[in-house]
Amino acid sequence: MCASVKYGSRGPALIPRMKTKHRIYYITLFSVVLLGLIATGMFQFWPHSIESSAEWSLDRRSVHDAPLVRIPMSSPIPERGDLSCRMHTCFDVYRCGYNPKNKIKVYIYPLQRFVDEVGVPISSTGLSREYNDLLSAISDSDFYTDDVTRACLFIPSTDVLNQNSLRIRETAQALAMLPRWDKGMNHLLFNMLPGGPPDYNTALDVPRDRALLAGGGFSTWTYRQGYDVSIPVYSPLSAEVDLPERQPGPRRYFILSSQTAIHREYRVELERLKEENGEALLLLDKCSNLSQGLASVRKRCYKGQVYDYPQILQESSFCVVLRGARLGQATLSDVLQAGCVPVIMADSYILPFSEVLDWKRASVVIPEEKLPEMYTILKSIPHRQVEEMQRQARWFWEAYFSSMKAIGMTTLQIINDRIYPYAARTYEEWNNPSVVKWSSVNSPLFLPLIPPRSPGFTAVVLTYDRIESLFRVITEISKVPSLAKLLVVWNNQNKSPPEESLWPKVTVPLKVVRTKENKLSNRFFPFDEIETEAVLAIDDDIIMLTSDELQFGYEVWREFPDRLVGYPGRLHLWDHEMGKWKYESEWTNEVSMVLTGAAFYHKYFNYLYTYKMPGDIKNWVDAHMNCEDIAMNFLVANITGKAPIKVTPRKKFKCPECTAIDGLSLDQTHMVERSECINKFASVFGTMPLKVVEHRADPVLYKDDFPEKLKSFPNIGSL
Amino acid sequence: MQARKKYVLLGLCTCCWLLLYYWGGLQERLLGLLTHRRGEVVRPWPNWLDRDLLPGYADQAELQNAGGPGDSPRQRRQSWAGIYKDSRCRMDTCFDFARCQGQSSFRVYIYPPEKGERVSESYRKILTSVVESRYFTSDPREACLFVLGIDTLDRDQLSTQFVPNMDERIRGYPLWNDGRNHVIFNLYSGTWPNYTEDLGFNVGQAILAKASLNTEHFRPGFDISIPLFSKEHPQKGGERGWLVRNTVPPRRKYLLMFKGKRYLTGIGSDTRNALHHIHNGKDIVSLTTCRHGKDWEKHKDARCDHDNQEYERFDYQELLHNSTFCLVPRGRRLGSFRFLESLQAACIPVLLSNGWELPFSDVIQWNQAVIEGDERLLLQVPSTVRAVGTDRVLALRQRTQMLWEAYFSSVDKIVLTTLEIIKDRVNSHISRNKFMWNALPGGLLVLPEYSTHLAHYPFYYLNLGKPVQKPTRRHLNQFGVHAVIVCVLVWVSCQIIILWNSEKPPPHRSKWPPMPVPLIITDGRRKTSSRFLPNAAIETEAVLSLDEDTVLLTSEINFAFHVWQSFPERIVGYPPRSHFWDPVKKAWGYTSKWTNEYSIVLTGAAFYHRYYHHLFSHYLPSSLRALVDRTSNCEDILMNFLVSSVTHLPPIKVAQRKQYKEMPILQGTKMAPWANPEHFTQRQECVNTFASWFGYMPLVHSQFRLDPVLFKDHVSVLRKRYKDLERV
């Protein structure tokens with residue numbers, strides 16, 4: 001800097017003595033140097049205040065640039081992990097706070113290279129590729145925060161995945177030197193290979209105070225249930241080898257053992273099984289003739305025959321995962337990837353993510369002692385179940401084992417679920433593959449209840465201006481014994497409803513609601529006025545239903561509160577010529593929909609219709625002024641997986657005013673429109689949820705040779 | 001000269017700049033500037049330049065080697081047994097699996113009570129449950145599990161039911177064996193002031209089935225946490241949950257409620273003393289009283305008088321009925337009666353009991369039924385419960401009812417669940433998965449010996465999700481049909497199983513033989529109940545059960561099968577019957593008259609899932625089956641009881657036919673057994689016997705039957721698929 005100043009100040013004196021071409025040359029040179037220096041200075045001093053103070057946050061640096069930290073000999077060592085630690089005793093929940101998203105905030109310490117007093121690093125490998133992947137994934141996720149004061153969980157950047165590469169005492173000291181260590185509170189360590197020779201402890205031997213441990217290979221004695229997280233041992237083969245998913249089904253071999261380090265006692269047992277059952281078993285071992293190194297890792301041998309590993313795993317229905325000196329095995333990950341059902345024999349092993357994953361659906365866990373019975377046990381499993389386990393095993397791998405990212409995210413989600421248990425993921429979310437999630441049904445009204453008759457139902461009459469017919473409907477319905485309330489939805493904005501004195505006198509409360517817009521959706525709005533569970537949606541021209549018919553409909557609804565219960569039924573059909581769905585109102589032997597011109601249903605479906613209708617179906621219905629009933633049928637069938645119930649022989653609603661218009665042509669355009677609706681809705685739902693049935697509900701004594709006066713519902717009406 | 005100076009200076013400058021460039025971090029800054037536009041967020045964890053050069057965390061060969069073969073498994077097992085005992089017990093080390101091998105592997109033995117032994121009401125119920133369970137044995141040699149005859153429920157030294165000298169007495173048991181394979185039931189342990197978990201005697205290697213277990217003392221996979229229940233808790237059956245309808249919106253009058261004691265001192269007082277803070281008198285009612293214990297007035301503080309007044313204003317039962325959430329804070333001990341009370345009341349429990357190992361936590365997914373709060377975060381509870389959405393409240397509430405009815409409503413269920421959990425551990429490869437435990441109808445009604453595959457049960461079809469069917473094809477005969485035809489003659493009974501998987505219905509009886517389908521004849525051993533024996537020959541899910549004299553048209557069978565496919569968990573059939581309560585006799589009545597409702601569909605002509613065969617033969621006690629065999633009667637009623645107790649729903653009657661047998665033809669002495677008048681009174685008695693075994697009346701009435709869509713309509717006969725049905 002000073003040089004440039006000096007030089008610059010003398011510059012003008014020099015210039016005149018030079019030749020012109022030299023002068024230009026020098027001026028250019030000076031300005032370049034000057035600019036360079038100024039720029040340097042700017043970068044050197046100014047930007048510090050803008051960018052975050054931590055230098056490591058910069059992209060594209062070498063790991064070796066991380067600051068070096070020297071650990072003094074006398075630096076404190078944390079206590080050994082406390083086995084009685086639980087979330088409510090060793091975890092500071094106040095740091096996580098209450099937040100509407102119910103997401104914990106995770107902070108990652110900047111990378112530092114720890115060395116002891118003489119400069120020897122604490123770890124022989126330093127940051128490993130896997131740990132780097134893990135931390136990158138976390139820092140890219142929603143969990144990450146760079147604000148250390150707002151963090152709920154802290155993750156040290158010191159890599160402890162493999163205990164064998166660590167110097168235990170120094171690593172512990174390094175952890176204790178972290179600025180927010182505070183007895184390890186809310187710190188999370190990831191470790192996949194705990195313990196070392198000769199006793200191979202099942203949890204990381206590094207003293208770590210109260211830090212949570214996400215460990216691979218926990219035994220039931222070291223695992224602190226509800227505190228630690230059991231994680232898989234990541235297999236780097238996952239990234240190297242691409243095993244395409246195979247259709248579940250029987251494979252060439254029934255049982256395969258691919259592990260190289262099986263204790264002699266077990267190998268003898270396996271050999272015996274092989275003798276008894278022959279070709280169904282394949283026992284592989286290391287290849288003795290191959291040179292050491294990468295090649296030997298990817299090969300297995302049986303009597304001189306060489307097999308590719310892990311590809312060979314795909315050739316077997318079951319794959320043995322026996323414990324070695326360590327409980328956690330990378331083999332488990334390979335086996336799952338191959339879609340082979342693991343047969344896990346490792347007593348006291350805490351299976352990966354066992355807090356949330358249901359391993360019984362993806363594996364067979366057999367006590368080590370029962371190894372001789374393995375074949376019989378596996379043979380007793382039904383074929384269909386084996387197939388499902390194969391599918392489940394592969395899916396577990398994809399979702400939870402396939403990458404360090406998957407492992408890290410699952411671990412954080414599990415901890416998140418503990419801190420915000422009321423927003424925790426459900427069993428189904430954890431354990432059902434997406435295909436199943438998509439096609440399976442978890443009905444919101446799943447409890448089998450037959451609600452009592454007493455509260456009755458609320459009739460919701462949608463009307464525009466047909467007052468005369470409306471009044472007749474009201475008078476008719478009011479005769480139904482279980483009617484609790486009448487709600488008239490006045491859909492005409494240009495006209496006021498008639499005065500109160502003009503309405504027919506009814507014994508139940510009658511309430512008129514005026515709507516803001518003339519929309520068909522208004523009939524399915526969850527009005528506060530509806531106080532009963534059961535809703536009868538009825539048009540203002542449905543005068544033909546008898547009171548017995550309606551009461552019977554209500555009784556049937558009580559036995560099927562999660563379904564639509566209606567009178568005329570309709571059907572959807574697949575039109576082979578056109579290659580699309582067709583609406584059918586012919587009197588067929590089957591039913592998949594009921595008209596909501598008069599239908600009972602649960603008020604809950606009003607909420608669903610109004611607030612949770614997928615896609616633009618609601619707007620579509622309002623724009624076309626049609627098909628609201630089809631939409632409702634789709635919605636209910638989709639969420640419950642059940643067909644509607646058609647009651648009584650009623651086939652159509654006669655509409656007295658319709659006769660005036662040319663019935664036939666109206667009918668045809670109507671049918672085309674309705675068919676269009678079905679196709680539209682099926683594409684929005686992504687599937688055809690409607691279910692076809694061949695039955696309808698009639699009173700027990702319908703058309704029986706029995707005195708009419710003794711029947712509960714003698715006047716059940718006709719077509 | 002000048003020129004050289006210039007060059008030197010220039011060189012110096014360049015050097016300075018280069019130095020700065022390489023050492024001063026300029027390089028990265030410039031690179032950063034080039035690669036990142038300004039204002040963009042910097043990646044929090046750097047994308048290291050040399051990330052591809054980073055070493056793997058472990059050598060691949062090392063990973064596959066897994067630390068080598070390790071110690072000898074045999075030696076390890078031996079040394080484990082020495083190390084991991086008492087407080088570190090696990091099934092692997094403290095349980096003798098060898099005792100549980102063999103055909104009927106899981107048997108439970110109860111030590112006979114000693115003379116003059118006083119056993120509390122609750123413990124007597126527990127023992128009764130074990131004795132009446134299908135696992136009971138009176139022979140200690142074949143037992144896998146042992147239950148003490150001494151009452152260990154109340155280990156509070158101040159309690160009147162406290163049994164002294166436990167250690168000595170237990171040592172007197174010849175089979176005690178340091179508690180191996182024993183299970184010890186306990187509800188209360190410890191006493192004032194610290195209520196420790198200690199039972200006051202050496203439990204050794206026995207499994208603890210204990211209420212209010214602390215996670216710290218809980219031996220995972222070994223002990224079992226049971227709920228605290230009162231001595232009024234029914235032996236059998238039990239009250240149903242209080243939820244009768246799913247109102248929407250699901251909010252009740254109060255959002256959150258608590259009514260109970262406030263501890264001013266001692267253990268548990270931290271939480272109980274703070275509960276009044278969240279009381280707002282409107283939607284959150286949290287009432288506490290100081291009035292408990294002998295000398296409460298001594299510790300009385302400023303709040304007490306006012307609190308006590310407020311306390312009296314609300315009725316606990318009324319609050320239970322009208323509150324969406326119920327606080328379940330710890331008392332002196334971790335668990336409380338409140339937990340079961342609110343479960344039953346469908347008032348979603350909000351737990352404030354840190355460290356409580358929830359009842360049957362091994363198998364029940366509690367986060368789907370309760371809100372697990374944290375004592376430390378009491379003041380957040382109101383905002384937390386307010387934030388729970390409508391759908392979730394609806395789901396949580398139904399789940400409370402499901403769990404209550406499946407596992408908690410009676411002592412029987414609590415004890416059986418405990419036994420089943422242990423049994424699942426013993427036969428780990430034939431056990432229920434979490435799904436079975438947590439889905440309707442609950443784990444007790446799912447027998448894993450039948451199958452461990454979900455699709456083999458009638459309950460899960462909807463949850464499992466079927467592969468999406470192509471719209472072009474409809475599977476008409478997904479399950480195929482099985483018919484079990486039982487011929488009941490006067491002295492000899494035979495059973496014919498006809499198997500056919502074609503879509504074609506079975507030929508009429510007169511056309512036998514030749515049969516287009518295999519015909520299997522098995523020996524019924526003259527037992528009526530053998531009709532429902534699980535028969536390996538039955539390979540399809542649907543079973544059509546017919547009597548020897550049943551007359552059914554093929555289209556009737558077809559139609560019934562179609563209906564059954566929509567209701568695979570129910571009985572779908574023809575002959576309806578009904579039960580009723582006779583207030584004069586104070587007993588249940590049975591009627592075969594035509595009525596407007598029915599609750600039984602006789603299995604003389606009905607479809608049901610083959611799993612019910614298994615339940616009938618293995619779930620029901622042998623005493624009921626013996627009754628059926630003795631009287632040669634009632635097996636169909638018992639089946640209806642069973643199915644309705646599983647589904648809580650009525651059976652389904654299809655179409656019009658009510659009479660399913662040929663009219664009795666008097667042929668001298670031979671008379672069909674059902675035409676006997678004694679037959680009918682027997683059935684009356686059966687209904688009452690069954691109801692008393694179940695502890696309640698599981699049968700439910702239905703008012704409709706299912707007919708074909710065009711049944712008896714004025715439409716052309718050609719259009720109707722089931723036109724034959726109308727001729728019946």
Side-chain angles (χ1 to χ4, degrees), chain A residues 3 7 33 36 40 43 57 59-60 62-63 84 86 88 98 125 128-130 135-136 139 146 161-162 200 220 225 261 263 297 324-326 329-330 347 358 360-361 377 382 385 421-422 424 427 436 439-441 447-448 451 533 555-556 574 589 603-604 641 649 694-698 700 712, chain B residues 9 12-13 17 20 24 26 28-29 42-50 54-58 60-61 63 65-70 90 92 215-216 220 245-246 248 354 365 367 371-372 380 398 429 433-434 453 462-463 465 471 562-563 566 596 648-649 703-707 709 712-713 721:
Chain A
Y7 196 81
V33 170
T40 315
F43 276 111
S57 71
D59 225 333
R60 300 201 161 267
S62 162
V63 176
S84 64
R86 292 295 180 273
H88 63 274
Y98 174 78
T125 49
S128 68
R129 194 184 320 133
E130 283 79 11
L135 295 183
S136 314
S139 72
D146 53 6
L161 281 182
N162 183 354
Y200 288 101
T220 164
Q225 205 170 20
H263 194 272
V297 175
R326 286 207 173 91
Q329 305 263 349
D347 289 355
D358 190 348
K360 281 185 185 164
R361 284 173 69 182
I377 290 173
Q385 195 182 356
Y422 42 87
Y427 171 91
V436 174
S439 63
S440 74
V441 170
L447 196 71
E533 242 189 307
E555 298 291 345
V556 173
W574 182 252
N589 285 293
K603 190 191 170 190
Y604 176 75
E694 300 187 357
H695 52 250
R696 69 166 201 237
D698 286 327
V700 178
S712 306
Chain B
L9 272 167
L12 265 170
C13 284
W17 194 76
L20 275 167
L26 185 71
E28 287 97 61
R29 273 153 218 275
V42 193
R43 269 175 61 97
W45 179 259
N47 218 342
W48 306 105
L49 271 175
D50 46 0
L54 291 174
Y57 78 105
Q60 292 230 8
L63 271 176
N65 197 33
R90 298 293 184 270
D92 293 331
T215 41
E216 243 178 79
R245 67 178 80 97
N246 281 306
V248 270
N354 286 358
Q365 294 261 318
N367 62 13
I371 305 267
E372 287 167 72
Q380 275 181 21
Q398 293 178 77
H429 57 281
N433 60 35
K434 281 254 174 77
H453 188 37
L462 282 172
N463 302 84
H562 262 283
V563 173
S566 299
N596 281 298
H648 297 299
L649 292 170
Q703 295 194 61
F704 68 87
R705 67 169 204 240
L706 294 180
D707 289 334
V709 175
K712 293 210 171 169
D713 284 345
R721 185 170 293 159

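Order of the sequence lines fixes the chain letters, A, B, ..., with proteins taken first and strands second; residue numbering starts at 1 for each chain. As the structure is a prediction and not an experimental result, all values here were calculated from the model.
In this structure, the side chain to side chain donor-acceptor pair (under 3.5 Å) partners of B:Q703, at least two apart in sequence or on a different chain, are A:E555. Remark: A:Y604 pairs with no residue by the ring-ring contact (aromatic ring centres under 6.0 Å, His included) rule, at least two apart or across chains.
A:Y422 touches chain B through backbone and side chain together, each having a heavy atom under 4.5 Å away. Interface residue B:I371: only side-chain heavy atoms are found under 4.5 Å from chain A. With a threshold of 4.5 angstrom between heavy atoms, B:Q365 approaches chain A through side-chain atoms but not through N, CA, C or O. At a 4.5 Å heavy-atom cutoff, the contact between B:D92 and chain A is made by side-chain atoms alone. For a residue to count as touching a neighbouring chain, one of its non-hydrogen atoms must lie under 4.5 Å from one of that chain's; by this rule A:P649 touches chain B with backbone and side chain alike.
Shown here for B:G56 and A:S128, the closest heavy-atom pair between the two residues is C-CB, 4.1 Å. A:S136 approaches B:W45 most closely through the heavy-atom pair OG-CD1, 3.4 Å. The two residues B:H453 and A:P382 come nearest to each other via the heavy atoms CB-CG, 4.2 Å. Between B:P55 and A:E130, the shortest heavy-atom contact is O-OE1, 4.3 Å. Residues B:G67 and A:A325 come closest through the heavy atom pair O-CB, 3.1 Å. When all heavy atoms are compared, the tightest approach of B:G70 to A:H263 is O-CD2, 3.2 Å.
Between B:D50 and A:R129, no side-chain nitrogen of the basic residue sits less than 4.0 Å from a carboxylate oxygen of the acidic one, so the salt-bridge criterion is not met. Look at A:R86 and B:E216 and you find no salt bridge, because none of the NZ, NE, NH1 or NH2 atoms lies under 4.0 Å from a carboxylate O.
Ranking A:G641, A:A424, A:A330, A:A697 against chain B, the residue ahead of the rest is A:A697, based on heavy-atom pairs under 4.5 Å. Taking B:L649, B:T215, B:V563 one by one and counting their heavy-atom pairs under 4.5 Å with chain A, the maximum is reached by B:T215. In terms of non-hydrogen atom pairs under 4.5 Å with chain B, the most contact-rich of A:L447, A:I377, A:L135, A:N589 is A:N589. Of all the listed residues (A:T125, A:N162, A:V556), the one sharing the greatest number of non-hydrogen pairs under 4.5 Å with chain B is A:N162.
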(request) Give the C-alpha distance, both sets of side-chain angles, the deciding distance and a yes or no for side chain to side chain contact (heavy atoms under 4.5 Å, CB included) between B:D713 and A:R696. (result) CA-CA 12 Å; B:D713 284 345; A:R696 69 166 201 237; 3.5 Å; yes

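In this structure, the side chain of B:N596 engages the main chain of A:S712 through a donor-acceptor pair within 3.5 Å. The closest donor-acceptor contact from the side chain of B:N367 to the backbone of A:P421 lies at 3.5 Å or more, if one exists at all. With hydrogens and angles ignored, the 3.5 Å screen pairs no side-chain donor or acceptor of B:Q60 with any backbone N or O of A:V297. Panel note: side chain B:R90, backbone A:T220; a donor-acceptor pair is recorded below 3.5 Å. Between the side chain of A:D358 and the main chain of B:K434, a donor-acceptor pair closer than 3.5 Å is present.
Between B:D707 atom CG and A:E694 atom CD the span is 13.0 Å, to the nearest 0.5 Å. Here NE2 of A:H88 is found 12.0 Å from CD of B:E372. Values are rounded to the nearest 0.5 Å. Atom NE2 of A:H695 sits about 4.5 Å away from atom OG of B:S566, to the nearest 0.5 Å. Distance NZ/A:K603 to CG/B:N246: 13.0 Å, rounded to 0.5 Å.
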